[in-house]
Amino acid sequence: MRLNRLLSVFILMLGFCCHIAQSNAQTVDDATLRPLVQALAGDNFENTTKAISDLVKTGDPRVSKILDALSAGDLYVAKADKTVFLGKRDGSDYAATDALTGAKLDPVPRSAAEKIKVNNRLRRDIAAAIGGLTLMSDNIAERRSAAEAILKTRDPESIPLLDQAIAVEKDAGVKALMQQAKAAAVLNSDAADDVKIAAITEVSAGNSRAALGLLTPLENVQGPVGEAAKAAIDSINTKLAFWNAIQNVVYGLSLGSVLLLAAIGLAITFGVMGVINMAHGEMVMIGAYTTFVVQQIIRTSAPGLFDYSLLIALPAAFLVSGGIGVVIERGIIRFLYGRPLETLLATWGISLVLQQAIRSWFGASNVQVGNPSWMAGSFDLGLLTLTWSRLWIIVFALSVFAILQLVLKKTMLGLRMRAVTQNRRMASSMGIRTPWVDALTFGLGSGIAGIAGVALSQIDNVSPNLGQGYIIDSFMVVVFGGVGNLWGTLVGAMSLGIANKFLEPFAGAVLGKIVVLVLIILFIQKRPRGLFALKGRAIEA
Amino acid sequence: MITQWFFTHVDRRGGIAIALLVAIALLVPLSNLLLPQTSPLHIPTYLVSLIGKYLTYALLAVALDLVWGFCGILSLGHGAFFALGGYAMGMYLMRQIGPRGVYADPVLPDFMVFLNWKELPWFWHGFDNFWFAALMVVLVPGALAFGFGWLAFRSRVTGVYLSIITQALTYALLLAFFRNDMGFGGNNGLTDFKDILGFNIQAGTTRSMLFAATALFLALAVFVSSFIIRSKLGKVLVGVRDAESRMRFLGYRVDRYKLFVWTISAMMAGIAGALYVPQVGIINPSEFEPANSIEAVIWVAVGGRGTIIGPIIGAVLVNFGKTYFTAAFPEIWLFALGALFIIVTLFLPKGILGLYGSWRTKLADRAARKKDSAPPPVAAENVHLPEPQAAE
Amino acid sequence: MKAQDTLLYLDGVSVSFDGFRAINNLSLVLQTGEMRAIIGPNGAGKTTMMDIITGKTKPDAGDVYFNGEVDLTRHDEAEIALLGIGRKFQKPTVFESHTVEDNLVLALSGPRSAFSALFHRQSANEAERIEDILYTIRLNGKRDWLAANLSHGQKQWLEIGMLLAQDPKLLLVDEPVAGMTDAETAETAKLLREIAKTRSVLVVEHDMHFVRELDVKVTCLHEGSVLAEGSLDFVSNDQRVIEVYLGR
Ligand SMILES: Nc1ncnc2c1ncn2[C@@H]1O[C@H](COP(=O)(O)OP(=O)(O)OP(=O)(O)O)[C@@H](O)[C@H]1O
Ligand SMILES: [Mg+2]
């Protein structure tokens, strides 16, 4: 219907002029407005269209709300007195409010009122009208959403409107958005080729995914526009692929950091002592529960310290898990040295006991560990949105790694531990008390697991099963990275994390994980001792 | 003739075990089916199934001991072979349901109809035939074990590394079988079976027959294990367990020996799984849980690894304990199981049978010393364990 | 010298572990039927040389030929053993949970496939050979003993017995008399001389009395290569050998 279309352009122009004329949205008194609202309940769509245009002309801020309601089908007209009201179904009645003032009216029985009908064309007109109304609104959020609305409808008729709005817009962000919207609308119009090509450039500078949506339909157009669109699509795709890769890397690094945290303690106990500690996951779990307890105490006795709860939990978790580790080493593991398979079984037993102990104590279900404020929220990096917790985990894991390297390289304990790793018998004959080194090493490995638990409590459910979820992955990291070398663990963890994230889009999370497991199984065939294996007779045993 | 042949391959203890198993294969069903319920010797059907389940575990334990006890390969993934055998049997039982399913599709199992699948996936074909399914019960775990073992043993992955990747293997399968689009019923698995070989799977007679079959298969497994262990091949395996590289310098292709016994063991585990499924009425991915496989290891350790009947005793005892505890004191069970792991590895490295064995030799020792003749130190009743080597 | 006509031929062999050169351009030739004693200080690379010959360690460079034609670097331990090279280890390694007799049964030459092992039945000939060996190594009274219960010296002998059972062309014997009494040492020397009548032998030993009793050509290794070679008197008078090994 050509006429209708013209009419709607007319409405928009009118609405727009009103705005310009009044510069700031002005209220019109109710008496003027009410008949116009009543007119919405016209007998046919054409009358309704006319009424909309009249309403828009007033430039009253309440108009957009009324039009919204109309478009949503919430505007009713009472059969008896033909008053128009805002209705909401409530049993057999409509809960009614005045369309203008929003005052509460008596409920109207459903049989006594009729919905004002709208069709799709009308709805589009309304959307455009509202867009026009609010493009010039005082409220920046409204202007923004108006521009976004046009970006969605891409109505060519809103172009002049946008031009005017852009001219007076002060906010850079909103202005850019309006320009985007205009370009989108231009692409949807039958403007000249060069105008469209300029618009393509404009569009592709903005949000890449939205731009793809706008440009794809143009791709097959003959002539320069189609070519420009194709080129733009290609460059956007390259850009997206690039950011996608970055995202995979960043997500992979953060997954890798989690793996690193979980595995690094294991690498120490396995690397130095040749002990497979199946209860390692439970040390992580205990670290997470320590965080919970610390937070509970803070909540009840010093709520102000909540943001520091993790900092307090770190040493606590280290001591608790580390202490338990020393007890386990002295009580059980030291009797099993040289029998790695038995150690594996005994530590599995320990893990069952610890799990059940925590379950009896704290219950089988998840406990709530809170995130301090600096952990919450997210930030943008290029086309990526990253959560702070993701970033902090990476930073944290790397710092733990660095500190541990320092401890191993620069302290007496580290020196002794390395001596024991390389040649246990020689070390003990040189007067190093290997049992003591073993206990401390095991304690250190367990303590680090506890620290890992503090970090994991922020991103995972804290339940008695927490550790079980990580144990196999951590073993894979250690096996992949090679024993006796922390760099191997770092590289192993990060490459597994990244590999997982790159596989996920093709294979899905679960299948990706399976693929990684299978790849590791195959990898061990080639390098049975991992990426960074120590060589030598001592290891062969 | 036959008895002579039998006893060259089975020792006295194995012979007793086989005789006992054959006897209960006959007596338990008879007691269940023929004796009146009031009789004190009547074994109720639920108990028949329960013991039957224990015996399938025992079969798994015997299989595990064959590789761990005699060849030093600690598998933390034997549950995977058990579950694969179970799935093969479950697929047969699924196909037997036919149009009696909820959706009454003559061919497709319910879960496929539910997933809107239009036709049977290729790997479900043939499973309507019992003998084909029975073949798959051994072939699928056998093939997986062969492939995995071929890769692992050839590149000399041993010790804890091997244990860990066997665990990863079962974990990968666990994840895979949880997926609906794998075509094995996702996390619900396969269940609601109706009949097996035309007999109602719930009926007391069927249950008794399944029990008898389990006991007989277990007896067969004891025989096969004894046969292997008492052959020269068994000696090679024990040699591999104690000094693998020495065996190589004698000219043995250690990887092939390991592969042989590993594959046989996986097939036994598959049979155990296949007998387990009809008796418990369900198979789902949780059977692949790494924890299950490790639990099987403790059965072997408790009974006495490196012995043939120790694992049977261990499996039955531990599972009896589990049934009892999880019903009576559920919160204590994990404590008990965990403690069992610790105690057995610390104090009972040779298991119950080892304890009995060393007690016997001590008695024999004392008796001999009385006679004042130095006895030749004989192996403590089948228990061959290497001295713990110094940490290196 | 050419590899042909020799039993064992090592030329320019080098191997290093993490940058440390354990064997350095080592060349050594053994003729068929020859017995050779290898001496040298700790860490000279004697055991590592045996590792290379038996396929346990792959050399980084150099040729290792057996029988003049078989390139040993291309074979693994089991294949090399089947070619006819037997080895006794420095630290005696016998199968502790097997009886003395079973240790010999396992070592006895014959088919090595898993299948033949499964259905193996001892032939009269095999029983006789085991009997002979038990007698030779003086363990016939202890055939049913667990190897774990043997003394250190007896284990050494059992391992030599296993070597005999393997029926190799070349025996590599690493420190056979460590931990033996003088009488036992003399016995062992006698036994080795006996063996050397029909086979080639390479013996590593630190015990100079023992080496003297063997009365064969001696090679002294030092830092992975040959320092001196010749009769024991010749070698033990070599100035450098005295410096690095014999002392004073
Ligand atoms: N697999 C290995 N990894 C690292 N170093 C090794 C390895 N094998 C040998 N070495 C080193 O090579 C050197 C030579 O060792 P080898 O055992 O051959 O000496 P040896 O002559 O047999 O000494 P000994 O008389 O004490 O037995 C030693 O320094 C040893 O540490
Ligand atoms: Mg040496």
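All chains are named by letter (A, B, ...) in the order of the sequence lines, taking the proteins before the strands, and each is independently numbered beginning at 1. What you see is a predicted model, and the numbers here were worked out from it, not measured in a lab.
- In this structure, B/F249 CZ and C/D51 CG are separated by 6.5 Å, a value rounded to the nearest 0.5 Å.
- Scanning all heavy atoms of the two residues, the minimum distance from B/G239 to C/H98 falls at N-NE2, 3.8 Å.
- At least one side-chain heavy atom of C/F95 sits under 4.5 Å from a side-chain heavy atom of B/L250.
- Using modelled atom types, no side-chain atom of C/Q166 and backbone atom of B/G251 make a donor-acceptor pair closer than 3.5 Å.
- B/R156 has a carboxylate O that lies under 4.0 Å from a charged side-chain N of C/E77, or vice versa, which qualifies the two as a salt bridge.
- Of the listed residues (C/G55, C/G86, C/P168, C/A78), the one with the most heavy-atom contacts under 4.5 Å to chain B is C/A78.
- For CZ of C/R129, the number of neighbouring non-hydrogen atoms (other residues, nucleotides, ligands) closer than 6.0 Å is greater than 12.
- Heavy atoms of B/F260 lying under 4.5 Å from chain C belong exclusively to its side chain.
- Below 4.5 Å, heavy atoms of chain B meet heavy atoms from C/D102, C/V105, C/L106, C/A107, C/P111, C/R112, C/S113, all part of residues 101-113 of chain C.
- For the residue pair B/S231 and C/L118, the shortest heavy atom distance occurs at CB-O, 3.3 Å.
- Side-chain contact between B/K235 and C/H120: absent, with no pair of heavy atoms (C-beta onward) separated by less than 4.5 Å.
- Within 6.0 Å of CZ on B/F227 lie more than 12 heavy atoms contributed by other residues, nucleotides or ligands.
- Taking a 6.0 Å sphere around CZ of C/F89, one finds it holds more than 12 heavy atoms contributed by other residues, nucleotides or ligands.
- Electrostatic pairing of B/R253 and C/D76 counts as a salt bridge here, judged by a charged N lying under 4.0 Å from a carboxylate O.
- Evaluation of the side chain to side chain contact (heavy atoms under 4.5 Å, CB included) rule for C/E131 yields C/R143 as partners, not counting sequence neighbours.
- In this structure C/Y135 satisfies the side chain to side chain contact (heavy atoms under 4.5 Å, CB included) test together with C/N140, sequence neighbours excluded.
- Within the 4.5 angstrom heavy-atom criterion, only side-chain atoms of C/E79, from C-beta onward, approach chain B.
- The salt bridge (charged side-chain N to carboxylate O under 4.0 Å, His left out) check on C/K46 picks up nothing, with sequence neighbours excluded.
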